[in-house]
Amino acid sequence: MKRTTILSFLLIAALIASSTTRTTAQENRFDARLGVGFYSFDDFVSVFGMIGDAFNKVDHREGYSYLLNPNLSVSYRLNDWLSLGAGVALGNMNTQGFDYANTLIHSREFAYTTAVVAADTYYLRRGVWALYGSYGLGATLFANTTGDLNDDTKIFEKTTTTSCHINFKFYPIAVQIGHRFGGFLEVGWGCNGLLNGGLFYRF
C-alpha cells in the first residue's frame with residue numbers, strides 16, 4: 001500500500017533526525033511509534049454503511065477489507081509518567097456486488113485518514129518494560145465512493161462524497177518493551193483499531 005510506504009518513510013526520517021547532536025536534557029525524550037491496528041472505529045462505520053447495500057439487486061458479492069490500520073505517532077516525554085504527541089492513522093474498505101449474470105452492478109469503497117493529538121500516561125516502569133495508557137482526540141477525513149450500473153445507459157457510474165467527523169484513541173491497557181528500540185501492544189478502541197501493535201524508537 002502506498003500509504004504504508006509513506007508512513008515507513010516518515011519513521012525513517014525520524015530515525016535520521018535522532019542521529020543529530022542533542023544536549024543531555026533533550027536526549028531520549030521523543031518516541032516514534034509505527035504500528036498496525038485491527039478493526040478501527042472507522043472500519044465499524046464502513047461496515048454499518050454497507051448494510052443498506054443488502055437491499056439492492058445484488059445476487060452475490062466479492063469484496064475485500066484490510067481491516068488493518070497503519071499508523072504513525074510521535075510523542076514528547078514531559079516527565080516520567082506523561083507524554084504528549086500527535087499521530088496519523090489510515091484505513092480503507094471496499095466491496096463489489098454482482099447480479100445473476102455475474103455483471104458488476106454496484107460497488108462501495110471507503111477510505112479514511114485520521115489525525116489525532118494524544119497523551120500517554122505511564123502507570124509502571126520496570127527496566128525495559130513499561131505499562132501505559134494512550135488517550136487522544138482528533139478528526140477523520142472520510143471518503144465514500146459509490147458505483148452503480150445505470151439501467152438505461154449500461155454505464156457504470158461512480159460518485160465520491162467526503163465528510164469529516166470526530167475520532168478518538170482510547171487504549172487504557174498498553175505495554176512496551178525496549179529501551180531505545182522495541183515493540184508495543186495497545187488494547188482498547190479508536191482510530192488505531194481494537195488491537196494496535198508495532199515498533200517504537202526513542203530518540
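In the hydrophobic clustering of this structure, Val128 groups with Leu185; members are Ile, Leu, Val, Met, Phe, Trp, Tyr whose side-chain heavy atoms approach within less than 4.5 Å, directly or through other members. Val36 and Ile173 are members of different hydrophobic clusters when ILVMFWY side chains are connected at heavy-atom separations under 4.5 Å. Phe38 and Val187 fall into different hydrophobic clusters, where Ile, Leu, Val, Met, Phe, Trp and Tyr side chains are chained together by heavy-atom contacts under 4.5 Å. A continuous path of hydrophobic side-chain contacts links Leu78 to Val74 [ILVMFWY only; heavy atoms under 4.5 Å]. Follow the hydrophobic side-chain contacts under 4.5 Å out from Trp189 and you reach Phe110 in the same cluster.
The side-chain tip of Arg202 does not point at the ring of Phe181 from less than 6.0 angstrom away and within 45° of straight on.
Note: Phe41 and Phe168 meet the aromatic proximity criterion, with ring centroids under 6.0 Å apart. Between Tyr171 and Tyr135, a ring centre-to-centre spacing not shorter than 6.0 Å is recorded.
Within the model, atoms CG of Asn144 and OG1 of Thr161 stand 4.5 Å from one another, a figure rounded to the nearest 0.5 Å. Here CG of Asp31 is found 8.5 Å from OG of Ser73. Values are rounded to the nearest 0.5 Å. Of the inter-residue distances, the one linking Asn92 atom CG with Thr113 atom OG1 reads 9.5 Å to the nearest 0.5 angstrom. With values rounded to the nearest 0.5 angstrom, Phe200 atom CZ is found 4.5 Å from Gln176 atom CD. In this structure, Asp42 CG and Leu90 CG are separated by 11.0 Å, a value rounded to the nearest 0.5 Å. The distance from atom CG of Leu104 to atom CZ of Phe98, rounded to the nearest 0.5 Å, is 5.0 Å.
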Might you work through the side-chain contact (heavy atoms from CB on, under 4.5 Å) test for Leu199 and Arg33, ending with a clear yes or no? CA-CA 6 Å; Leu199 302 174; Arg33 293 194 182 108; over 6 Å; no
Start with the C-alpha gap between Leu84 and Tyr76, add the side-chain angles, then the distance that decides, and say whether side-chain contact (heavy atoms from CB on, under 4.5 Å) holds. CA-CA 5 Å; Leu84 298 178; Tyr76 179 77; 5.8 Å; no
Determine whether Ser83 and Ser75 satisfy the following criterion, side chain to side chain donor-acceptor pair (under 3.5 Å), listing intermediate values before the conclusion. CA-CA 6 Å; Ser83 294; Ser75 61; 4.6 Å; no
List the steps, then state whether side-chain contact (heavy atoms from CB on, under 4.5 Å) holds for Ile177 with Phe184. CA-CA 6 Å; Ile177 179 172; Phe184 70 93; over 6 Å; no
Could you give me the CA-CA distance, side-chain angles and deciding distance for Glu109 and Asn94, then say whether side chain to side chain donor-acceptor pair (under 3.5 Å) is met? CA-CA 4 Å; Glu109 181 176 358; Asn94 77 28; 4.6 Å; no
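In this structure, the side chains of Asn28 and Arg180 come closer than 4.5 Å at one or more pairs of heavy atoms.
The two residues Gly37 and Asn71 have their closest heavy-atom pair at N-ND2, 3.7 Å. Of all heavy-atom pairs between Val116 and Lys169, the closest is CG1-CD, 3.8 Å. Across Asp80 and Tyr122, no two heavy atoms sit closer than the pair O-CB, 3.8 Å. A pairwise comparison of heavy atoms in Pro172 and Gly188 identifies CD-CA, 4.2 Å as the closest pair. Gly35 approaches Asn196 most closely through the heavy-atom pair C-OD1, 3.9 Å.
Relative orientation of the Tyr112 and Phe142 rings is parallel, given thresholds of 30° and 60° on the angle between their planes. Taking the six-membered ring where the residue is Trp, Phe30 and Phe203 present parallel rings, their angle staying beneath 30° rather than reaching 60°.
For the residue pair Ser134/Asp120, the side-chain donor-acceptor check at 3.5 Å is satisfied.
In this structure, the side chain to side chain donor-acceptor pair (under 3.5 Å) partners of Thr140, at least two apart in sequence or on a different chain, are Thr114, Asn167. By the side chain to side chain donor-acceptor pair (under 3.5 Å) test, Asn69 pairs with Ser40, sequence neighbours left out.
Trp129 contributes no side-chain N or O that, together with a main-chain N or O of Leu124, makes up a donor-acceptor pair within less than 3.5 Å. A donor-acceptor pair is defined here as one N or O able to donate and one able to accept, closer than 3.5 Å; no such pair exists between the side chain of Arg125 and the backbone of Ala130.
Atom CD1 of Ile166 has 12 or fewer heavy atoms from other residues, nucleotides or ligands within 6.0 Å.
Taking a cutoff of 4.0 Å between a charged side-chain nitrogen and a carboxylate oxygen, Asp148 and Arg108 do not qualify as a salt bridge.
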